[in-house]
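Just so it is clear: chains get the letters A, B, ... in the order the sequence lines come, proteins before strands, and each one is counted from 1. Here the structure is a predicted model, which means the values were calculated and not measured.
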2 protein chains.
Amino acid sequence: MATKEIDKVFKALAHPGRRELLDRLHAKNGQTLGELCAGLAMARQSVTQHLGLLEEVNMISVNWHGREKRHYFNPVPIHMIYERWIRKFDRQRLDALHNLTGKLEGAEP
Amino acid sequence: MATKEIDKVFKALAHPGRRELLDRLHAKNGQTLGELCAGLAMARQSVTQHLGLLEEVNMISVNWHGREKRHYFNPVPIHMIYERWIRKFDRQRLDALHNLTGKLEGAEP
DNA sequence: CCTTAATGCAGGTCTATACCTGCATGTTTG
DNA sequence: CAAACATGCAGGTATAGACCTGCATTAAGG
């Protein structure tokens, strides 16, 4: 099963630095290691380590252009987490939202 | 800000044992420590520790009945995580789903 | 009451991991 | 080709946290 994979994704999300990196990539895809380091209170090597972990769990993918390593955000794992974990804890709210949407659509014209 | 709180919730979710506990409480609310321990490959004291952490970040709440401590699942923090973190990474998919739903509804009759 | 049951509290160990420094490798460009 | 640049690789330390054992405390029930 992918239960071990899910665990790794959760663990990857459990660090503010890694979430920040994901956030930055989501805002601007394809950034290099150097770009991602700028402004972070961490040594480059630490960032490399975090990016390595994120790559390992497929939350980012990588593309080499000469001496530059470009990073790209991959939404699949985080969506998997949502689908298999978050959604069921939230069903009541989602159902409520769905009903509300239905009523609004019905009252539209 | 609640950024530190969010971090704690992510960290709380980053452990399979704690996720299992949340899962069990979600399935059957109000269980005691003893009940929750049953079948878990952990000492009672470890479970106490995990429950303490979950309580600290408000993912569960507690109610004493005599010598029994009953635990209740609280969906708010996990929903907060979804709202502030997961949803934005998933907007494309959600939009796609929304469009699909609209088309299906249009093609219904 | 006195026994049994449910839990709390106080350490102690051991592994994971976050972070760093220092040096090596490969790529661009004048 | 040589200097400057982007990154990799190899350790080393230190803190967090997951887990345990042992004993104390409070409640229930005969």
Side-chain angles (χ1 to χ4, degrees), chain A residues 3-25 28-73 77, chain B residues 3-25 28-73 77:
Chain A
T3 169
K4 196 149 193 173
E5 211 179 325
I6 295 236
D7 187 53
K8 285 188 177 181
V9 178
F10 270 117
K11 287 203 163 73
L13 283 169
H15 192 282
R18 285 192 289 266
R19 290 200 301 276
E20 164 107 31
L21 288 169
L22 290 176
D23 224 0
R24 289 200 186 191
L25 279 184
K28 185 188 170 198
N29 227 357
Q31 291 184 76
T32 75
L33 172 59
E35 282 180 276
L36 288 169
C37 283
L40 285 189
M42 257 190 293
R44 174 180 56 85
Q45 286 84 344
S46 304
V47 178
T48 298
Q49 209 169 319
H50 288 305
L51 289 173
L53 205 158
L54 290 171
E55 193 185 340
E56 204 173 283
V57 299
N58 275 315
M59 300 188 81
I60 63 180
S61 52
V62 165
N63 220 314
W64 279 93
H65 277 245
R67 63 182 169 181
E68 285 184 348
K69 190 185 190 183
R70 303 196 181 152
H71 301 79
Y72 299 88
F73 174 72
Chain B
T3 169
K4 197 148 193 176
E5 211 179 323
I6 295 236
D7 187 52
K8 285 187 177 181
V9 178
F10 269 118
K11 287 203 162 74
L13 283 169
H15 192 280
R18 286 192 289 267
R19 292 198 301 276
E20 165 106 32
L21 287 169
L22 289 176
D23 225 359
R24 289 200 186 190
L25 278 184
K28 185 189 170 198
N29 228 356
Q31 292 184 76
T32 77
L33 173 59
E35 282 181 276
L36 288 169
C37 283
L40 285 188
M42 255 190 293
R44 175 180 56 85
Q45 286 84 343
S46 305
V47 177
T48 297
Q49 209 169 319
H50 288 305
L51 289 173
L53 205 157
L54 290 171
E55 193 185 339
E56 204 173 285
V57 300
N58 275 316
M59 300 185 83
I60 63 180
S61 51
V62 164
N63 220 314
W64 279 94
H65 277 246
R67 63 181 171 181
E68 285 184 346
K69 190 184 190 183
R70 301 195 182 151
H71 301 78
Y72 298 88
F73 175 71

Peer 1: Could you state the CD-P distance from B:E35 to C:dT7, rounded to the nearest angstrom?
Peer 2: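 Those two atoms, CD and P, are 9 Å apart.
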
Peer 1: Set out, in order, the CA-CA distance, both residues' side-chain angles and the distance that settles side-chain contact (heavy atoms from CB on, under 4.5 Å) for A:H71 and A:L54, then state yes or no.
Peer 2: CA-CA 10 Å; A:H71 301 79; A:L54 290 171; over 6 Å; no

Peer 1: Tell me: CG of B:L51 to C1' of D:dA18, nearest whole Å?
Peer 2: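 The answer, rounded to whole Å, is 14 Å.
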
Peer 1: Should A:D23 and A:R19 count as an ion pair when the cut-off is N to O under 4.0 Å?
Peer 2: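 No, this pair does not count.
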
Peer 1: Check the distance between C:dA6's P and B:L36's CG and give it to me in whole angstrom.
Peer 2: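 These atoms are roughly 13 Å apart.
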
Peer 1: What string of B, S and - do you get for nucleotides 16-30 of chain C, 5' to 3', if B is base contact, S is sugar-phosphate-only contact and - is no contact with any protein heavy atom under 4.0 Å?
Peer 2: --BBBBB----BS--

Peer 1: D:dA18 C1' sits how many Å from B:L54 CG, rounded?
Peer 2: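 Result: 14 Å.
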
Peer 1: Would you check, one step at a time, whether the test side-chain contact (heavy atoms from CB on, under 4.5 Å) holds for A:L51 with A:V62?
Peer 2: CA-CA 10 Å; A:L51 289 173; A:V62 165; over 6 Å; no

Peer 1: Side chain of B:R44, backbone of B:C37: donor and acceptor closer than 3.5 Å?
Peer 2: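 Such a contact is absent between B:R44 side chain and B:C37 backbone.
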
Peer 1: For residues A:N63 and A:Y72, report the shortest heavy-atom separation together with the two atoms involved.
Peer 2: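 So the two residues come closest at CB-CE1, 3.7 Å.
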
Peer 1: Is there side-chain contact between B:K11 and B:L53, with heavy atoms separated by less than 4.5 Å?
Peer 2: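 Side chain of B:K11 against side chain of B:L53, heavy atoms only: no contact under 4.5 Å found.
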
Peer 1: Rounding to an integer number of Å, can you tell me how far B:N63 CG sits from C:dT7 P?
Peer 2: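 Rounded to the whole Å, the gap is 13 Å.
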
Peer 1: Between atom CG in B:L21 and atom P in D:dC19, what is the gap in whole Å?
Peer 2: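 The answer, rounded to whole Å, is 11 Å.
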
Peer 1: Nearest heavy-atom pair of B:N58 and B:P77: which atoms, and what distance?
Peer 2: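 Minimum heavy-atom contact is O-CG, 3.3 Å.
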
Peer 1: Rounded off to whole Å, could you give me the CG-to-P distance for the A:L33 and D:dC9 pair?
Peer 2: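 Taking atom P of D:dC9 as the reference, CG of A:L33 is at 12 Å.
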
Peer 1: Begin from the C-alpha positions of B:R18 and B:M59 and carry the test side-chain contact (heavy atoms from CB on, under 4.5 Å) through to its verdict.
Peer 2: CA-CA 10 Å; B:R18 286 192 289 267; B:M59 300 185 83; over 6 Å; no

Peer 1: Is any side-chain heavy atom of A:H65 less than 4.5 Å from a side-chain heavy atom of A:T32?
Peer 2: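 They are not in contact (no side-chain heavy atoms under 4.5 Å apart), so the answer is no.
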
Peer 1: Taking only N and O in the side chain of B:T48, is any of them less than 4.0 Å away from OP1 or OP2 of C:dC9?
Peer 2: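 It does not, given that no N or O in the side chain of B:T48 lies less than 4.0 Å from OP1 or OP2 of C:dC9.
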
Peer 1: Using the C1' atoms of five pairs at each end, what's the angle between the two axes of the helix from C:dC1-D:dG30 to C:dG30-D:dC1, to 10 degrees?
Peer 2: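 Comparing the axis at each end, I get an angle of 30°.
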
